[in-house]
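Owing to the predicted nature of the structure, the values given are computational and were not obtained by experimental measurement.
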Amino acid sequence: MKRFMAMLNKNKNKDPPPSKLLDLAGKLCQDLQSSSPSLEKLVGAMMGCKHKMYFLTNIHIVRACVFVHIRNGQHDTACSLLEHCKAEEKEELVQLWHEVHYRRVMERHHKDFLTPVQKFRCRKRNPPPISLCPEGLKTRNYPEEVRQHLHRFAVEVTANPDKKQRDGLARDMNLQPVQVYNWFANYRRRRQS
């Protein structure tokens with residue numbers, strides 16, 4: 001930590017900072033994950049310097065910053081940091097985005113955990129920004145023509161197809177048999193309610 005602080009002070013006017021400084025910061029963030037006060041001091045030093053955006057290209061540093069902000073109840077700051085960071089690991093950034101929102105909901109409702117349904121609702125209410133998901137969120141819905149074909153089969157033939165029928169539908173629709181099975185199970189469940 002002392003070595004990092006000395007390097008940071010020595011290179012505070014270099015633009016961009018040396019890669020050794022960035023690598024050391026990433027390594028320290030990994031090593032100090034369980035040491036709360038030291039990690040907080042490190043994050044404070046990095047976020048307080050003019051090279052802040054260079055540090056935010058390293059996923060280990062981004063993760064450390066987000067967890068420090070969450071621990072301090074600074075959810076909006078954590079979200080803003082994720083929105084503007086330049087780390088390449090987009091999937092992990094999306095996970096961190098969700099984690100920030102899970103923690104916010106848990107604190108608001110004084111809970112220690114969220115159920116899968118609560119997490120799902122939280123993700124729906126707080127989708128990640130375009131900067132984290134440039135191609136948009138992956139959806140699990142089937143294309144309209146697939147849904148229409150399955151619905152037509154359910155109405156005109158049967159809502160409870162046997163294995164042979166499900167396998168044929170899966171082949172025709174380019175789906176897995178288990179996907180067809182689940183679609184019909186969900187279809188029957190929706191009709192009952």
Side-chain angles (χ1 to χ4, degrees), residues 1-140:
M1 180 77 150
K2 286 180 185 173
R3 191 171 133 226
F4 170 76
M5 294 305 243
M7 273 179 80
L8 185 63
N9 284 331
K10 184 177 152 192
N11 294 293
K12 64 181 168 193
N13 293 321
K14 286 193 179 169
D15 199 14
S19 59
K20 280 190 339 193
L21 180 66
L22 301 176
D23 294 342
L24 180 59
K27 176 100 175 75
L28 278 171
C29 285
Q30 282 181 288
D31 295 346
L32 296 175
Q33 277 178 342
S34 56
S35 174
S36 192
S38 301
L39 188 61
E40 204 155 322
K41 184 178 176 188
L42 176 65
V43 166
M46 288 184 294
M47 294 300 101
C49 79
K50 72 174 193 175
H51 299 309
K52 173 172 136 175
M53 291 317 291
Y54 290 106
F55 286 113
L56 295 178
T57 60
N58 182 308
I59 190 66
H60 303 296
I61 296 171
V62 171
R63 190 182 312 118
C65 292
V66 166
F67 285 129
V68 165
H69 290 316
I70 288 173
R71 200 174 313 131
N72 294 333
Q74 300 166 323
H75 301 103
D76 291 337
T77 307
C79 289
S80 178
L81 185 142
L82 285 169
E83 234 176 306
H84 298 99
C85 78
K86 301 293 181 211
E88 297 293 317
E89 296 82 353
K90 297 297 185 193
E91 280 185 33
E92 186 163 352
L93 294 174
V94 169
Q95 289 303 320
L96 286 169
W97 175 269
H98 292 317
E99 190 61 38
V100 170
H101 289 90
Y102 296 159
R103 296 293 175 92
R104 178 182 271 161
V105 170
M106 287 189 292
E107 285 176 21
R108 191 179 313 131
H109 297 291
H110 308 290
K111 293 182 179 247
D112 294 330
F113 67 93
L114 295 178
T115 65
V117 170
Q118 289 168 322
K119 285 183 175 184
F120 173 79
R121 288 179 180 147
C122 184
R123 288 191 305 271
K124 285 292 182 197
R125 287 187 192 115
N126 304 289
I130 297 291
S131 61
L132 299 182
C133 291
E135 69 284 343
L137 285 176
K138 290 185 174 61
T139 176
R140 293 194 205 168

Value rounded to 0.5 Å, distance of CG in Asn58 from CD in Glu88: 11.5 Å

For Gln118, the side chain to side chain donor-acceptor pair (under 3.5 Å) test, sequence neighbours excluded, returns Thr115

Any non-hydrogen side-chain atom of Cys65 less than 4.5 Å from a side-chain atom of Met47? yes

Contacts of Glu83 meeting salt bridge (charged side-chain N to carboxylate O under 4.0 Å, His left out) (sequence neighbours excluded), chain-then-number -> none

Taking side chain to side chain contact (heavy atoms under 4.5 Å, CB included) as the test, write out the residues that go with Phe4, two or more places apart. Leu8, Leu21, Leu24, Ala25, Leu28, Leu42, Met46, Phe55

So Lys86 and Tyr54, do their side chains get closer than 4.5 Å, heavy atoms only? no

Can you name the residues that form a side chain to side chain contact (heavy atoms under 4.5 Å, CB included) with Lys41, not counting sequence neighbours? Met1, Met5

Taken in chain and number order and not counting sequence neighbours, the residues that satisfy salt bridge (charged side-chain N to carboxylate O under 4.0 Å, His left out) with Lys27 are Asp31

Donor-acceptor contacts, no H, no angles, side chain residues 68-80, under 3.5 Å, sequence neighbours left out:
unit_1, atom_1, unit_2, atom_2, d
His69, ND1, Gln74, OE1, 2.9
Arg71, NH1, Ser36, OG, 2.6
Asn72, ND2, Glu40, OE2, 3.4
Asn72, ND2, Val68, O, 3.3
Asp76, OD1, Arg104, NH2, 2.4

For Ala64, check side chain to side chain contact (heavy atoms under 4.5 Å, CB included) against everything at least two apart and list the hits. Cys29, Leu39, Val43

Gap separating the NE2 atom of His98 from the CG atom of Leu132, nearest 0.5 angstrom: 9.0 Å

With sequence neighbours left out, the residues meeting ring-ring contact (aromatic ring centres under 6.0 Å, His included) with His101 are Trp97

Residues passing the side chain to side chain contact (heavy atoms under 4.5 Å, CB included) test with His110, sequence neighbours excluded, are none

Qualifying residues under side chain to side chain donor-acceptor pair (under 3.5 Å), relative to Ser131, sequence neighbours excluded: none

Would you call Arg103-Glu107 a salt bridge at under 4.0 Å N-O? no

Enumerate the residue pairs fulfilling salt bridge (Lys or Arg N to Asp or Glu O under 4.0 Å) with a member in residues 50-70, sequence neighbours excluded, ordered by first and then second residue. Arg63-Glu92

